[in-house]
Amino acid sequence: MLFDWTATAALGSVQDLQPQTPLTLTGEGLWVCLVSSGKCTASVALSGPSPAGSALILPPQSVPAGHLILCRSPLCLAPEGECHLLCIQLTGQAASQLLANLTELPFLARGETCPAAAELMGRLAAETGDRRSRARSQLAFALLCELSGADSAAPALPPLVAEAIEDIRANYAGLYGVEELSERLGVSKSHLVRTFTAAVGTSPGRYLTTVRIEAAMRLLLHREYTLDVIASLCGFSGANYLCRVFKKETGQSPAQWRAMAGQSAKPGLSPQESLREQELYV
């Protein structure tokens with residue numbers, strides 16, 4: 001074989017759902033869910049072996065019919081009354097690239113901005129035979145190409161909130177807290193907390209903690225760093241404090257989470273984390 005189609009795009013699984021209770025989609029790759037009727041709530045869980053990277057983790061989003069949900073796992077879906085969902089799991093390099101470029105999770109796409117997506121998802125769901133066939137890989141790649149032009153249906157963030165998120169993402173290891181963040185942005189702490197919470201659904205302090213936990217997850221996956229080193233790279237005062245916060249946020253200790261995640265994913269370090277690593281050891 002001169003070219004492996006599945007290395008670029010492949011179909012993982014198909015779930016045609018009319019859920020009565022909340023459910024969680026798991027597994028590697030990109031989940032694409034079409035809300036064909038009714039309405040559901042979508043959210044992404046913090047815990048699990050697939051850290052969120054640099055994407056903004058949105059509060060639970062209500063998704064009406066005609067919209068698509070793009071996300072990594074674990075993706076939590078809760079029906080709001082009767083609804084129908086077609087969920088397609090895509091793997092391969094193209095799926096990973098699209099997932100890495102998502103600016104927010106879950107990413108809600110307006111159906112009219114990718115009009116062929118529903119048809120392609122239906123054709124993938126109707127395909128029979130080998131899931132690793134060339135035909136399925138071609139359909140999966142075509143779907144990813146169609147989704148690449150999708151526009152977000154989530155409301156735009158206020159400039160102050162967008163700037164705060166950018167600052168937190170870039171400087172989470174060195175930020176002392178919301179007071180310092182508000183000073184850097186030139187606003188009062190109360191104004192920042194009020195504006196940020198209204199737009200994102202969580203306070204800037206809690207968002208900072210979430211970003212630090214995500215960074216700790218990436219380091220736990222990547223190498224056998226000591227907890228003291230991970231705490232230093234992620235902005236925690238020490239290993240004991242990291243363990244307390246990690247347990248509170250994920251329900252597991254860092255050691256338990258590392259053992260669960262195993263070698264299932266090995267994402268590269270971000271430029272900021274690589275720089276911090278060099279400063280720590282050089």
For this session: Check the pair Leu220, Leu227 against side-chain contact (heavy atoms from CB on, under 4.5 Å), reporting the backbone distance first and the verdict last.
Result: CA-CA 9 Å; Leu220 285 166; Leu227 293 182; 4.3 Å; yes

Exercise. Is there side-chain contact between Leu68 and Cys33, with heavy atoms separated by less than 4.5 Å?
Worked result: no

For this session: Let me know which of Ile213, Ile168, Ile165 forms a side-chain contact (heavy atoms from CB on, under 4.5 Å) with Leu208.
Result: Ile168

Seminar exercise, completed: Between Leu102 and Cys71, the two heavy atoms sitting closest are CD1-N, 4.5 Å

Seminar exercise, completed: Heavy-atom closest pair (Leu86 atom, Ala125 atom, distance to 0.1 Å) is CD1-CB, 4.1 Å

For this session: Please check if any side-chain donor atom of Glu80 sits under 3.5 Å from a side-chain acceptor atom of Thr41, or the reverse.
Result: yes

Seminar exercise, completed: Note: Gly27 and Ser73 closest approach over all heavy atoms is O-OG, 2.7 Å

Problem set entry | same_hphob_cluster(Phe141, Val32) at 4.5 Å side-chain heavy-atom cutoff | no

For this session: Taking Arg110 for its side chain and Asp151 for its backbone only, find out whether a donor-acceptor pair lies under 3.5 Å.
Result: no

Exercise. So, Ser182 side chain and Glu179 main chain: donor-acceptor pair closer than 3.5 Å or not?
Worked result: yes

For this session: State, with a plain yes or no, whether a side-chain heavy atom of Leu75 is found less than 4.5 Å away from one of Thr24.
Result: no

Exercise. Is the shortest heavy-atom distance from the side chain of Leu85 to the side chain of Pro19 under 4.5 Å?
Worked result: yes

Problem set entry | Within-4.5 Å side-chain heavy-atom neighbours: Val14 and Gln89 | no

Exercise. Phe196 and Pro204: which non-hydrogen atoms are nearest, and at how many Å?
Worked result: CD2-N, 3.5 Å

Exercise. Is the side chain of Glu180 donor-acceptor paired with the backbone N or O of Leu175 at a distance under 3.5 Å, no angle test?
Worked result: no

Seminar exercise, completed: Closest non-hydrogen contact found for Pro106 with Gln61 is CG-CG, 4.5 Å

Exercise. Does atom CZ of Arg184 have more than 12 heavy-atom neighbours, drawn from other residues, nucleotides or ligands, at distances under 6.0 Å?
Worked result: yes

Exercise. Taking the side chain as C-beta and beyond, is there a heavy-atom pair between Tyr207 and Arg169 under 4.5 Å?
Worked result: yes

Problem set entry | Heavy-atom side-chain contact between Arg244 and Glu249 under 4.5 Å | no

Exercise. Of the non-hydrogen atoms in Gly29 and Leu99, which two are nearest, and what is the gap between them?
Worked result: O-CD2, 3.7 Å

Exercise. Is the shortest heavy-atom distance from the side chain of Tyr172 to the side chain of Leu233 under 4.5 Å?
Worked result: no

Problem set entry | Test side-chain contact (heavy atoms from CB on, under 4.5 Å) applied to Ser62 and Lys39, step by step | CA-CA 7 Å; Ser62 181; Lys39 184 184 295 185; 3.1 Å; yes

Exercise. Quick one: does Thr91's side chain get under 4.5 Å of Glu28's, heavy atoms only?
Worked result: yes

Exercise. How about Glu82: does its CD atom have over 12 heavy atoms from other parts shown lying under 6.0 Å from it?
Worked result: no

Problem set entry | Donor-acceptor side-chain pairing of Gln93 and Thr8 below 3.5 angstrom | no

Problem set entry | Expected output: side-chain Asn101 to main-chain Gln97 donor-acceptor under 3.5 Å | yes

Problem set entry | Heavy-atom donor-acceptor pair, Glu163 side chain to Leu160 backbone, under 3.5 Å | no

Exercise. Is there a donor-acceptor pair closer than 3.5 Å between any side-chain N or O of Ser232 and the backbone N or O of Asp228?
Worked result: yes

